[in-house]
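Numbering of residues begins at 1 and proceeds along the displayed sequence. Note that the structure is predicted; figures quoted are calculated from it, not measured.
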Amino acid sequence: MFHHLSDLSYARSGKDAVGFYLAYLLLVIIAGTIAGFLFGGVDSINSFYAGVDIGTIVAVLSSLILTYLIFMRKQQAGSFSSILLTLIAGLLAMIGGGLLGLLIPAYATTTGVKGKKKKRK
């Protein structure tokens, strides 16, 4: 389930994609929390809302970058569908943070590389 997490070109099964989603969701939550504390502060209610905004920015950027890197490693970055899915990942992250934004990258890991068969265990 948690195999090959850093190998973005690996063609995952559905179970492996769930593991990928959970692992990267945890990383986005940790990165958003740290960025929120560093740039938002912890002294008032306004700092809380600034931290939420910073966490959303982290989720959007990480979803966009991760989706693009997956498609680039799978040699599909130039296609219209990959560009559209990357933008949808950013839009979903704006709406629902990492919870929604990482759905597209997790799905993208289940697709195979052009010209290569899907690896199975």
Side-chain angles (χ1 to χ4, degrees):
M1 183 176 210
F2 295 104
H3 298 106
H4 306 284
L5 287 175
S6 61
D7 184 7
L8 299 179
S9 64
Y10 183 73
R12 291 172 172 72
S13 66
K15 181 180 170 185
D16 291 337
V18 170
F20 177 87
Y21 173 81
L22 293 174
Y24 278 89
L25 179 62
L26 181 63
L27 286 175
V28 168
I29 289 171
I30 290 170
T33 302
I34 291 171
F37 278 126
L38 290 176
F39 299 113
V42 291
D43 58 350
S44 71
I45 194 72
N46 291 333
S47 297
F48 172 78
Y49 290 115
V52 169
D53 291 340
I54 292 168
T56 302
I57 292 169
V58 168
V60 169
L61 289 176
S62 61
S63 296
L64 287 171
I65 292 169
L66 189 59
T67 306
Y68 176 74
L69 287 175
I70 290 168
F71 284 127
M72 187 177 72
R73 294 288 195 296
K74 292 182 180 257
Q75 302 167 355
Q76 299 172 350
S79 70
F80 177 75
S81 61
S82 66
I83 294 169
L84 184 63
L85 284 173
T86 302
L87 293 175
I88 290 172
L91 180 65
L92 287 173
M94 287 175 64
I95 296 168
L99 284 173
L100 293 179
L102 291 174
L103 290 174
I104 301 291
Y107 166 74
T109 62
T110 63
T111 61
V113 178
K114 282 186 179 179
K116 294 185 180 178
K117 294 191 179 207
K118 187 175 180 178
K119 296 179 185 177
R120 297 200 185 250
K121 274 195 155 186

Between [X] and [Y], which heavy-atom pair has the shortest distance, and what is it?
| X | Y | answer |
| --- | --- | --- |
| S63 | A89 | CB-O, 4.0 Å |
| V28 | A59 | CG1-CA, 4.0 Å |
| A11 | K74 | CA-NZ, 3.8 Å |
| A77 | M72 | CB-CA, 3.8 Å |
| G78 | I83 | O-CD1, 4.1 Å |
| I88 | I104 | CG2-CD1, 4.2 Å |

Straight-line distance of [X] [atom1] to [Y] [atom2], nearest 0.5 Å:
| X | Y | atom1 | atom2 | value |
| --- | --- | --- | --- | --- |
| D16 | Y10 | CG | OH | 5.5 Å |
| L27 | L22 | CG | CG | 11.5 Å |
| L85 | Y68 | CG | OH | 14.5 Å |
| Y49 | I54 | OH | CD1 | 15.0 Å |

### Query
Are L26 and V60 joined in one hydrophobic group, where the rule is that I, L, V, M, F, W and Y side chains link up if heavy atoms are under 4.5 Å apart?
no
### Task
State yes or no: do M94 and V52 share one hydrophobic cluster built from I, L, V, M, F, W and Y residues joined by side-chain heavy-atom distances below 4.5 Å, directly or via other members?
no
Between [Y] and [X], is there a side-chain heavy-atom distance shorter than 4.5 Å?
| X | Y | answer |
| --- | --- | --- |
| I30 | I34 | yes |
| F20 | L8 | yes |
| L66 | L102 | yes |
| T86 | L64 | yes |
| L87 | T67 | no |

### Message
Once side chain to side chain donor-acceptor pair (under 3.5 Å) is applied, what residue pairs with a partner in residues 21-37 remain, sequence neighbours excluded?
### Response
none
### Query
Between the side chain of S82 and the main-chain N/O of Q76, is any donor-acceptor distance below 3.5 Å?
yes
### Message
Pair Y107, T110 - check side-chain contact (heavy atoms from CB on, under 4.5 Å), show working.
### Response
CA-CA 6 Å; Y107 166 74; T110 63; 3.8 Å; yes
